[in-house]
Amino acid sequence: ELIEFIRLAKTQLKETIDQNKREDGLYHSYNLLKFGEDMCKVSNLQEMLEGQVAVLSSYALNSNEVIELLSALKKSSLYRKDQNSYMLYPNRELPKFLEKNIIPAELVNRSVILQAEEEKGHSRFIEKSMNGQYHFNGKYRNAYDLVDDIVNTGEYSEEEAIQAGDVFTEIFNHHAFTGRSGTFYKYEGLGCIYWHMVSKLVLAVEESYMKCLETDPFSEAGDTLREYYYDFKDGIGIDKSPVVYGAFPTDAYSHTPGFAGVQQPGMTGQVKEDIISRFGELGVSVVEGGIHFNPRLVLEDEFLEKETPWKLPNKTITLKKNQMGFTFCTVPIIYEKADFGEISVYYNNGDRYTFENAIKINGQISKSIFHRESKIDKIVVKVVF
């Protein structure tokens, strides 16, 4: 019964995602639910980068649908050409202070209370300015306070009070309030690139590529997703000049507003996603207790062009031409360009264990690496391009 419930839930979630596809190829990120008498109404917020990352990470889309979404994203109002990257929200002009809290006359006429208060010249709930515009009394923070005060007068029914509250809600639209990101022009707000979310996007594209490899390792869709991965990654700061980035490109920053370089330096959440996606590039994964090496995303120009010393905390390894090195659980891993796949495990006692025509090492050796037993000197993985 539980398995059947999960199967049914997945079907409904997939249907929900499909129904939230927009005409421009993006997906709605958040929807608002408003309850009425014997009904409820769904409305959409504006497009957001977060929604696109969520739908990619859901694995609900096939490879061609992912490509369609990424193409739409590049053409959308979320894209910032100057940084070759993507904003949380599209930039827009917010109303100025004097443009807020203006009640159109037709909404005043819709409410018995507001009409009566205006006719009596009262300013308890609504006021009329010298230029003829209607405004709610500035003391009210929300519709609930307004409705309570109206009911407490004893002059109007609760139904009439709620009607006035509905007008308040329509004017201020608190139902759609999303916090600072929808009201500021900095601090991950309007027109800002929020770098942590961009890194989530890059990781989601990488995951989509890996999923494509599982079903069809040599498909055209896989090649396209690989191109998109590096295109999206290029938008992140490390390959930018300090002039474009606004700081040292290797430093992590929170966001980039539309009118300045990067802001708020620090060890942001972006770093976590970047580390995860880097191991994805290197093709390192753990499957059923064994370490796999499948570096389909590694670029050939990352391999050394000449012999180079690699200084580690407790030793120095000489890397040769056509090699590159990194560590995994403190064990040095050396990738070497070759015509055949092979993994050689070198032990500190001089022993060597080789897995021929393989991309993984067995569970026993993997367990020793996970436990950091310091028995292994290095692992050399021959990579075929």
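Quick note: residue numbers are just sequence positions, from 1.
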Less than 4.0 angstrom from a charged side-chain N to a carboxylate O is my criterion; do [X] and [Y] meet it?
{"X": "K21", "Y": "E68", "result": "yes"}
{"X": "R352", "Y": "D377", "result": "no"}
{"X": "R278", "Y": "E281", "result": "yes"}
{"X": "K75", "Y": "D24", "result": "no"}
{"X": "R124", "Y": "E127", "result": "no"}

Within the 3.5 Å criterion, strictly below it, is a donor on [X] or [Y] matched to an acceptor on the partner's side chain?
{"X": "D274", "Y": "Q270", "answer": "yes"}
{"X": "W195", "Y": "S254", "answer": "no"}
{"X": "Q163", "Y": "E159", "answer": "no"}
{"X": "S368", "Y": "E373", "answer": "yes"}
{"X": "D234", "Y": "N84", "answer": "no"}
{"X": "K186", "Y": "Q264", "answer": "no"}
{"X": "E47", "Y": "S76", "answer": "no"}
{"X": "Y185", "Y": "N91", "answer": "no"}

task: Could you go through the ring-ring contact (aromatic ring centres under 6.0 Å, His included) check for F177 and F172 one step at a time?
output: CA-CA 9 Å; F177 181 62; F172 291 101; over 10 Å; no

Output yes when a side-chain donor or acceptor of [X] lies under 3.5 Å from a complementary backbone atom of [Y], and no otherwise.
{"X": "Q83", "Y": "V244", "answer": "yes"}
{"X": "R226", "Y": "R296", "answer": "yes"}
{"X": "S157", "Y": "E160", "answer": "yes"}
{"X": "D351", "Y": "Y347", "answer": "no"}
{"X": "N101", "Y": "F136", "answer": "yes"}

Give a yes or no on this: more than 12 heavy atoms of other residues, nucleotides or ligands lie within 6.0 Å of atom [atom1] of [X].
{"X": "K272", "atom1": "NZ", "answer": "yes"}
{"X": "K96", "atom1": "NZ", "answer": "no"}
{"X": "K120", "atom1": "NZ", "answer": "yes"}

query: Any ring-ring contact (aromatic ring centres under 6.0 Å, His included) pairs touching residues 64-113, not counting sequence neighbours?
result: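 Those involving residues 64-113 are Y79-Y86, Y86-F232.
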
- request: Decide whether a cation-pi geometry holds between K337 and F303; the criteria are a distance under 6.0 Å from NZ or CZ to the six-membered ring centre and an angle within 45° of the ring axis.
  value: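 Flagged: K337 positioned over aromatic ring of F303.
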
Cation-pi check, K378 onto Y346 ring (under 6.0 Å, within 45° of axis):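 Cation-pi check for K378 and Y346: passes.
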
query: With a 4.5 Å limit on heavy-atom distance, are the side chains of N362 and I365 in contact?
result: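 Yes, close enough: below the 4.5 Å cut-off.
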
- request: For a side chain to side chain contact (heavy atoms under 4.5 Å, CB included) with Y228, tell me which candidate from L69, V202, L70 qualifies.
  value: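 One option only clears the test, and that one is L70.
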
field: Worked check of side-chain contact (heavy atoms from CB on, under 4.5 Å) between Q133 and H135
entry: CA-CA 7 Å; Q133 291 179 322; H135 309 274; 3.8 Å; yes

message: As a test of understanding, state which of Y194, Y187, F184 forms a ring-ring contact (aromatic ring centres under 6.0 Å, His included) with H255.
response: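 Running ring-ring contact (aromatic ring centres under 6.0 Å, His included) over Y194, Y187, F184 with H255 returns exactly one hit, Y187.
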
task: Decide side-chain contact (heavy atoms from CB on, under 4.5 Å) for E307 and K321; before the verdict, give the C-alpha distance in whole Å, the side-chain angles of both, and the deciding distance to 0.1 Å.
output: CA-CA 5 Å; E307 191 174 279; K321 180 182 178 181; over 6 Å; no

query: Between Y353 and F355, is a ring-ring contact (aromatic ring centres under 6.0 Å, His included) present by the stated rule, with each step listed?
result: CA-CA 7 Å; Y353 194 98; F355 299 88; 4.8 Å; yes

